[in-house]
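Written out below as structure tokens is the structure these notes cover.
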Amino acid sequence: MSAARRLLGQPWLWAWLGALAVWLATAAYTDGKGSGEVLSAALTFGAFFVIVALGQMFVITLGPGNVDLSIPACMTLAGTVSMKTMGGAAGMIPLGLALALAIGAAVGVTNFALIRLLRIPPIIATLSASFIFQSAAIWWNRGLRVKPPQPLADFTTAKIAGIPFIAILVIVLALVAHVVLTRTLYGRGVIAIGQNMRAAHLAGIRVERIRAATYILCAALAGLCGFLLAGFSGGAALNMGEEYLLSSIAVVVIGGTSVAGGFANVPGLWGAALFLFLLVTMLNTFGAGAGLRMVLTGLIIIGVIVAASGGTRKT
Amino acid sequence: MTNPSDPIIRLRGVEKSFGAVRALAGVSLDLAPGECFGLVGHNGAGKSTLMNLLSGNLRPDSGSIEIGGQDVTAGYSPQVAVRHGVRCVYQELSLCPNLTVAENARITHPAIAGIGWRRRARALIGEMLDRVFPGHGISTDDVTGDLSIARRQMVEIARAFAVTEAEARVVILDEPTSSLDSVAAGKLLAHVRRYVEGGGTVVLISHLLGEILGTCDRIAVMRDGGVVALDAASGFTRNSLVAAMGSVAETAPAAARGRAALRDSAPKVVEARPARPETLSLAAHKGEVVGLAGLSGQGQTELLVQVFDHAAGTQVGGKVALVAGDRQSDGIFPLWSISQNISIGSLRQFLNGFLLDHDRADAFAEKWKERIGIRTPDVFQPILSLSGGNQQKALFARALGAPADIIVMDDPMRGVDVGTKQEVYAMIRDEAARGRTFLWYTTEMDELRNCDHVYVFREGAIVADLPRAEMTEERVLHASFRADA
Amino acid sequence: MSGPVSPRLLRSLLPPLSLAAILIAIFYLQPRTMSYFGLNLLLNLAVPIALATIAQMFILCVNELDLSIGGFVSLVACITATWLHDTPLLGVAALAGLIAAYAGLGALIHLRNLPSIVVTLGMSFVWLGLAVLVLPTPGGKAPDYIRALMTLKPALVPFPIIAAVGLALVVHLFIMRSAWGTVLRGAGGNPRSLERAGWSLLRIKMTMFALAGFFGVLSGMALVGLTTSADANIALRYTLLSIAGVILGGGEFVGGRISPIGAVIGAMTLALAGSFLSFLRLNPDWQIGAQGAILIIVLALRVLISRAETRT
């Protein structure tokens, strides 16, 4: 009885139930044909969503006003630079990966420097910096689409027993993130800062160090995602990060993390990522066009925060 | 319709409690037209609660409020107060910093609208400023955020006295001269007299006793949520006011300490100085309990945070932990359990390599729950399930449990019941005996008796340095109030 | 208030000085732009951007942020190029409905105490989706009267300059000078004291969001008047441009400190920055990046100035 109640209280439950419902509805519509393939695709695309959402989750958990809008530009920059550097050579893969992560870290350092030194609100800091990263990517890319090294492409599309390898990798990554969030000084610090920054400082938490680490972590994960996504889709495209801006925030919010900060959970990210992908698939199957899909996605995001916000203003 | 000698405001048995704390214990007062009514008392005596009730920001738990013979208790609010001509100048300024002086006048005087409103707003506030503070040097087109605090205060006061459609029958001034220099303060008090002689009513709250004695017709002294003395101003002297404000007698002489010798023998672990030109500096020796006294908000918290941050200019020999007094804004993590709130101060102790051992953290919290007597079935309950006093105990547990040599406490007993206080006092003495050093900011006289040494703060500076043997309530009070009265 | 130039004056001069600097640089690089037609061409597209910037300014004034204004302007453009052209009555009703939707958004954000960033982020999906539904492929046609208005050739002064000056003055008179506008701005400065004085914050927020919707509608219509046809992605850049424009113009994110004249100047500066960079023969790849850099530089200058301010 109390176990059931505890289950119902889990913040990630609704995202998973939503994903399941949407998948079943799609399967029912197609009489179960191809629903295995749909699930496999959802795991692959969901994996990419989860990588960036993990970083965004840590940033959003830092409290109101904290959000990283430079994720798409960072993905694009890391993807283009690493693809071009590797030039399709298999031996260069470790260097390419290191480069993608380093670019991400540099982006994070830049973002935090703007926030801290110029006292620009994170939204505007990450936004204006993202213009520069995007331009750098355009400039570096020069309209070329360099193919990823074959082993990388194989790796991102490989399957083990029908399960995409990349999904397994990201599940492990999510487990690590879960441990970091719940069982390290850093994770505790992030959650404390999100609840009350001043109290966190007065409780002896090194607030600025943790904020810096969080923005760097988020950008590094975006760099990793850019690298893998470029490998998966046959090269880096300049608009490859576009849909990840809104999705990264949507996945975090739908997954049950508090937009107001101070409360986060990792399992919800996977549920929400699968839900978003399966929702689009379902609407596609039902024959809904791109327009309707976007309208519904937007309304669902708003519906989730209205439902999650709970309290009304006292006046 | 109303007799001019009838009271304009009549309070009958007004009570107000916040949780377990009784802020007002049945106050009855009559305010007559044409009088200046002074209100004095130590911190927490209930003055600001009374003022917030009069201005409609708080509702009484019981009792009634009448204005001009009309019972307004039900549905009383700031808007209703303004409609009845009750104006209030708050201590925290309520101007819009992004608007000009004239535009701010428009905000509280909705009647100023339509063509030419700006001219009328300028005239209204400008004339009133000229009348109250001649030679003020403020332009009505100045943006208020750019003005000095003193000038903002002048604008705020002039706006409260200004009359459009809504009349100003009662003006409540809460520490109006705290940010004014003595010349401007004198002008204000002269205006208060003129206004009162013209039939208006002023409620004046001030810590400057000379100001109160020289301006008011009647004075009420508050203590512990009640009015303990009420008489014509001529019936009081500075000394009799101070005497009335203090508690009846030293309730119980604190345990004989015999620790004065610490100053000579133990090493000095803290030395700090407020960032003010004329100030004494504060020193604390190992094992001492050092009190920071004075009225609230005189720079004590700032100094404690300076020590906590090991800020430049302070010498701190050891790790510091802090007990917050303002629980909501400085202490509690509202989404966490009691255990998480206690263990956050000493997480490093529970590391196994990189990972936190939750079991050890919980056992630690459980141990402190027992030691400090937090009333809860288990430490996994949300922190907000606790009463204010028990939340405060959790914050004490956080700081005392942390591996800190020095513990700074920022008026930590606000809203804590008497029983809890005694338990915590004993614990502080215990810990001090084990060699920990305490810096204890408190506004309560009883708590100062637990200190080995007391520094009195006024206007950001330390103005008195009293060893326990020389500390009396009277000396602390006298040092807390400016001598220019 | 010491020294030859007070930091505060410097601060208020920053936007016009930036605009002047960029104009002079353009004239120097490309003297042919210093003519009626040259200016017309340079500043044409600044008009819808300025309108969107004013819309964003109303939202920022009450301490919120609108990340959906670009999608909204796109939707308006699509409606203008289709319904308003083909069935004017339906078009007008749709546009009025959109303004009402904005007011409702303001009420929702205020009553439920929601973070405006996330709500407007969600709305940006909705507006864009609706735009795709209204106009699935680029096309449509601007109503003739809008086209005629946007291509006016008045004597002596090019139309975009007249439009920009007119817009700045009208909004300035309303929000900075009128008794009503004063209350609206006060809600950004000290909401608590406004409430104590008996004003309704709900009504104020709804008004400000409705005003933003209104100017967003004007922006979309002006844009279609210039481009003659629309597509669903036509104005997505406007979200970022409008925020940047307000900030460049001296506005702040919180505290109700705004300046409509500054916002229009900021929008024009950003619109000109693109032309300037192309005249500079700067690699077009760096166009967007340079806009980001300009924004960062201006914000950095502002931090320096306000540091000087606290020192004096």
Side-chain angles (χ1 to χ4, degrees), chain A residues 2-3 5-6 9-11 57-58 60-64 175-210 213 217 256-266 268 308-311 314-315, chain B residues 77-79 301 304-305 307-310 319-337 339-361 382-384 391 394-395 397-399 401-404 407-410 412:
Chain A
S2 87
R5 188 170 300 160
R6 265 187 73 187
Q10 293 299 326
M57 178 192 76
F58 280 105
I60 287 179
T61 305
L62 284 176
L175 280 174
V176 172
H178 179 74
V179 171
V180 168
L181 179 71
T182 54
R183 297 208 41 200
T184 63
L185 292 180
Y186 166 77
R188 275 296 176 90
V190 169
I191 300 174
I193 292 169
Q195 293 179 60
N196 188 337
M197 192 149 135
R198 187 173 155 83
H201 170 70
L202 294 177
I205 292 167
R206 296 172 193 272
V207 172
E208 293 308 331
R209 217 181 273 183
I210 286 181
L217 172 73
T257 291
S258 163
V259 210
F263 179 80
N265 85 94
V266 173
S309 77
K314 298 171 277 200
T315 30
Chain B
S77 70
Q79 290 89 319
T301 304
L304 290 182
V305 172
V307 170
F308 178 78
D309 287 339
H310 293 75
K319 288 188 180 156
V320 186
L322 177 140
V323 183
D326 188 341
R327 286 189 292 278
Q328 304 314 325
S329 82
D330 296 354
I332 293 292
F333 297 105
L335 303 177
W336 270 350
S337 70
S339 169
Q340 284 168 314
N341 264 287
I342 291 177
S343 59
I344 185 72
S346 29
L347 284 182
R348 272 175 205 287
Q349 297 176 9
F350 315 122
L351 280 183
N352 253 347
F354 279 113
L355 296 184
L356 290 170
D357 185 337
H358 287 311
D359 294 340
R360 264 162 63 201
I383 186 82
L384 293 183
Q391 287 181 22
L395 293 185
R398 181 196 291 170
I407 293 175
V408 299
M409 305 193 289
D410 178 23

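Within every chain, numbering begins at 1; the chains are lettered A, B, ... in the order of the sequence lines, protein sequences first and strands thereafter.
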Query raised in the report: Going by heavy atoms in the side chains, are W336(B) and I191(A) under 4.5 Å from each other?
Result: yes

Requested in this report: Measure the CG-CG distance between L202(A) and L395(B) for me, rounded to the nearest 0.5 Å.
Outcome: 10.5 Å

Query raised in the report: Looking only at heavy atoms, which two atoms of Q195(A) and L335(B) are closest? And how far apart?
Result: OE1-N, 2.8 Å

Query raised in the report: Would the number of heavy atoms belonging to other residues, nucleotides or ligands and lying under 6.0 Å from CZ of R348(B) be above 12?
Result: no

Query raised in the report: Under a 4.5 Å heavy-atom cut-off, does chain A meet the side chain of I332(B), its backbone, both or neither?
Result: backbone

**Report entry** Portion of D309(B) that has a non-hydrogen atom of chain A nearer than 4.5 angstrom
**Finding:** side chain

Query - Inter-residue atom distance D330(B).CG - H201(A).NE2, 0.5 Å rounding - result: 10.0 Å

Query raised in the report: Can you check whether T182(A)'s main-chain N or O pairs, donor with acceptor, with H358(B)'s side chain at less than 3.5 Å?
Result: yes

Query raised in the report: Given that the side chain runs from C-beta out, which part of S343(B) has a heavy atom under 4.5 Å from chain A: side chain, backbone, both or neither?
Result: side chain

Requested in this report: Identify which part of F333(B) has an atom lying under 4.5 Å from any heavy atom of chain A, answering side chain, backbone, both or neither.
Outcome: both

Query raised in the report: Are any of the side-chain heavy atoms of T184(A) and L355(B) separated by less than 4.5 Å?
Result: yes

Requested in this report: Answer yes or no: does atom CZ of R206(A) have more than 12 heavy-atom neighbours from other residues, nucleotides or ligands under 6.0 Å?
Outcome: no

Report summary line: In terms of heavy-atom contacts, R188(A) and L356(B) come closest through CG-CD1, 3.7 Å

Report summary line: Minimal heavy-atom distance between R198(A) and S329(B), with the atoms involved, is CB-O, 4.0 Å

